[in-house]
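Quantities reported herein were computed from a predicted structural model and do not represent experimental measurements. Below, each value reflects all heavy atoms present in this structure, side chains not excepted, and no hydrogens, waters or symmetry copies.
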Amino acid sequence: MFQYYLDLALRSLRRNKALTALMVFAVALGIGASMTTLTVFHVLSGDPIPGSSGTLFYPQLDPQDKDGYEPGKEPPDQVTWIDGMNLLKARRGTRQALMTGGAVPVQPAQSGLDPFFSDARYTTADFFAMFKAPFLYGHGWNASDDDAKARVVVITRELNDKLFGGKDSTGQTLRIKDTGFRVVGVLDTWRPNPHFYDLNTGGYRALEDVFLPLSTFRDLRLDRNGSMNCWGRGGGDEEHLETATCTWLQFWVQLDGASQVAAYKDYLTHYSQEQQSLGRFQRPPNVKLRSLMEWLDFNKVVPSDVRLQVYLAFGFLLVCLVNTVGLMLAKFMRRAGELGVRRALGASRRNVFAQLLVESGVIGLAGGIGGLALALLGLWAVRHQPSDYAKLAQLDPAMLLTTFVLAVGASLLAGLLPAWRACQVTPALQLKSN
């Protein structure tokens, strides 16, 4: 029966080509605008580590002095060197990582390459396992390398291609700021979006090319970037960051299970109380422990203009559907005589209703194809914008399927009223008028 209805729908659409084209165009416009903005929103609001984000947490403490104190105020979003090291060495989580970002001068061994700066991540050994970083060659360093301030480095696949021609470079020497570093690992293609582990350097920036032990970074006094919040007389002297009263490091912990989460939050409270008794913390304990997705939501990582564009695009889709309803109503009512004859020959209202809905679905499918083309054009335009997330605007299989589901679903919804009105036609009156 469906094949019969489909044949009737195609014949009807071919008989009224201009009206059909208008309906398909209206649906395509709405779908194209909606899927362009929805795809961008989907990419920016996705889970950067599917399957593992629920076990990753971002602890916050409040080590500041009494100046400007307000009860209930949000604690700093970074930690001091002293607190970061204390939390790291306590090892109360399954894994933990302390880090900051910077830039390092790379000095290629090849004579044909000039020295250049690369973005760097100064971190601790658990970083790679905790964040599921994929390795093409080798592996990360270990905790003993952190303690020894070892000259070891992990680089990305892109940097490995540039410096070593894509070969296995583990064991090779990479010179950074006149110091030789042994390459222990090469990361495979990896770009977690958003750049969740350090939102201070940009929510959707590209992955750093160089990863070094945090202790090595301080030993060599390499350059750092990112925000820093200081108070009292501690200042922000780069030479004495280990003792400065400044928050400038990000700390992440892996907690497997609700009981471990609760125990860790209690530990943070007890730690704050202990530091207060020692005179370091002057404020009452104020701790937060948000999961990765809660942390992204709290920081409103998805730009507000992207959310607004989604709302506007779906509003435009609604306008397009209203126009489509009017066009379908005119088309279906124009066929009242034909539908009356079908009813007189024994077709029930349900049969006629199903026939017209199939026709609406065909319009939606054609509109989906046109909308897909417009969405691809829209995403191409987005990728040429200067935003840091522009290059991420790609249509994945989930969004491709959503395009056609939304197009057909919207078209069927638009066809409900016209199909119902057409089914109300009295067959006897149509036969008499014909």
Got [X] and [Y] here, is their nearest side-chain heavy-atom distance under 4.5 Å?
X      : Y      : value
Gln107 : Phe116 : no
Leu379 : Gln394 : no
Phe117 : Val104 : no
Ile369 : Val24  : no
Val153 : Val184 : no
Thr94  : Gln260 : yes
Leu372 : Ile31  : no
Leu356 : Trp420 : no

So which atom in [X] and which in [Y] form the shortest heavy-atom distance, rounded to 0.1 Å?
X      : Y      : result
Ile176 : Leu212 : CD1-CD2, 4.2 Å
Thr80  : Pro63  : CG2-CG, 4.2 Å
Asn286 : Glu74  : ND2-C, 4.3 Å
Gly180 : Arg175 : N-NH1, 3.9 Å
Leu38  : Phe314 : CD2-CZ, 4.1 Å
Ala97  : Met130 : CB-CE, 3.5 Å

For a side-chain hydrogen bond (donor to acceptor under 3.5 Å, both in side chains) check, start with the C-alpha distance between Ser144 and Asp147, then their side-chain angles and the critical distance, and finish with the verdict.
CA-CA 5 Å; Ser144 61; Asp147 296 336; over 6 Å; no

Calculate, to the nearest 0.5 Å, the distance between atoms [atom1] and [atom2] belonging to [X] and [Y] respectively.
X      : Y      : atom1 : atom2 : value
Trp252 : Thr123 : CH2   : OG1   : 12.0 Å
Lys167 : Gln172 : NZ    : CD    : 9.5 Å
Leu321 : Met23  : CG    : CE    : 13.0 Å

Candidate pair Ser291 and Glu294, rule side-chain hydrogen bond (donor to acceptor under 3.5 Å, both in side chains), full reasoning:
CA-CA 5 Å; Ser291 68; Glu294 289 172 341; 3.3 Å; yes

Let me see the working for Arg91 and Asp126 under salt bridge (Lys or Arg N to Asp or Glu O under 4.0 Å), right down to the final yes or no.
CA-CA 11 Å; Arg91 304 196 68 83; Asp126 282 349; 3.6 Å; yes

Is the centre of the Phe196 ring less than 6.0 Å from the centre of the Tyr58 ring?
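No.
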
What do the steps show when you test Leu61 against Lys288 for side chain to side chain contact (heavy atoms under 4.5 Å, CB included), and what is the final call?
CA-CA 7 Å; Leu61 303 166; Lys288 297 287 184 182; over 6 Å; no

Check residues 43-57 and write down every donor-acceptor pair under 3.5 Å in which the side-chain atom is one partner and the other belongs to a residue at least two apart or another chain.
from	atom 1	to	atom 2	distance (Å)
Ser45	OG	Phe41	O	2.6
Asp47	OD1	Ile49	N	3.0
Asp47	OD1	Ser53	OG	3.2
Asp47	OD2	Ser53	OG	2.7
Thr55	OG1	Ser52	O	2.8

Which pairs pass ring-ring contact (aromatic ring centres under 6.0 Å, His included) with one or both residues in residues 141-194, sequence neighbours excluded?
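Matches after skipping sequence neighbours: Phe128-Trp141.
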
Using the ring-ring contact (aromatic ring centres under 6.0 Å, His included) criterion, which residues pair with [X]? Sequence neighbours excluded.
X      : value
Tyr271 : none
Tyr137 : none
His195 : Tyr197

Assess whether side chain to side chain contact (heavy atoms under 4.5 Å, CB included) is satisfied between Arg157 and Asp161, documenting all intermediate values.
CA-CA 6 Å; Arg157 183 172 190 163; Asp161 290 343; 4.0 Å; yes

List the residues meeting side-chain contact (heavy atoms from CB on, under 4.5 Å) with [X], not counting sequence neighbours, and say none if there are none.
X      : answer
Lys149 : Arg151, Ser215, Thr216, Asp219
Gln309 : Thr37, Asp305
Lys265 : Val287, Leu289
Gln64  : Asp62, Pro76, Asn229, Trp231, Arg283

Is atom NZ of Lys89 surrounded by more than 12 heavy atoms (other residues, nucleotides or ligands) closer than 6.0 Å?
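Count not over threshold, so no.
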
Considering residues at least two apart in sequence or located in another chain, which fulfil the salt bridge (charged side-chain N to carboxylate O under 4.0 Å, His left out) criterion with Arg191?
none

Could you tell me which residues satisfy salt bridge (charged side-chain N to carboxylate O under 4.0 Å, His left out) with Arg95, sequence neighbours excluded, listed by chain and number?
none

Check step by step if side chain to side chain contact (heavy atoms under 4.5 Å, CB included) holds for Gln282 and Asp67.
CA-CA 10 Å; Gln282 297 182 26; Asp67 187 28; over 6 Å; no

What's the verdict on salt bridge (Lys or Arg N to Asp or Glu O under 4.0 Å) for Asp223 and Lys177, showing C-alpha distance, side-chain angles and the deciding distance?
CA-CA 10 Å; Asp223 292 336; Lys177 198 178 180 180; 5.3 Å; no

Please name the residue in the list Val152, Asn160, Ile155 that meets the side chain to side chain contact (heavy atoms under 4.5 Å, CB included) test with Leu174.
Ile155

So Gln78 and Gln60, side-chain hydrogen bond (donor to acceptor under 3.5 Å, both in side chains) or not? Walk me through it.
CA-CA 7 Å; Gln78 299 184 102; Gln60 292 173 263; over 6 Å; no

Could you check whether the rings of Trp380 and His384 sit parallel, tilted or perpendicular, using 30° and 60° as the cut-offs?
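Trp380 and His384: tilted rings.
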
Please report the C-alpha distance between Asp209 and Lys162 in whole Å, then the side-chain angles of each, then the deciding distance to 0.1 Å, and finally whether the salt bridge (Lys or Arg N to Asp or Glu O under 4.0 Å) criterion is met.
CA-CA 11 Å; Asp209 282 322; Lys162 182 176 182 178; over 6 Å; no

Using the side chain to side chain contact (heavy atoms under 4.5 Å, CB included) rule, take Thr402 and Thr39 through it: C-alpha gap first, then chi angles, then the decisive distance, then the call.
CA-CA 10 Å; Thr402 302; Thr39 298; over 6 Å; no

Does any pair with a residue in residues 253-263 pass salt bridge (charged side-chain N to carboxylate O under 4.0 Å, His left out), and if so which ones, sequence neighbours excluded?
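Applying salt bridge (charged side-chain N to carboxylate O under 4.0 Å, His left out) to every pair that reaches into residues 253-263, excluding sequence neighbours, yields nothing.
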
Pair Thr124-Asp146, side-chain donor/acceptor within less than 3.5 Å:
no

Should the pair Arg121-Asp198 be classified as a salt bridge under the 4.0 Å nitrogen-to-oxygen rule?
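So Arg121 pairs with Asp198 through a salt bridge.
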
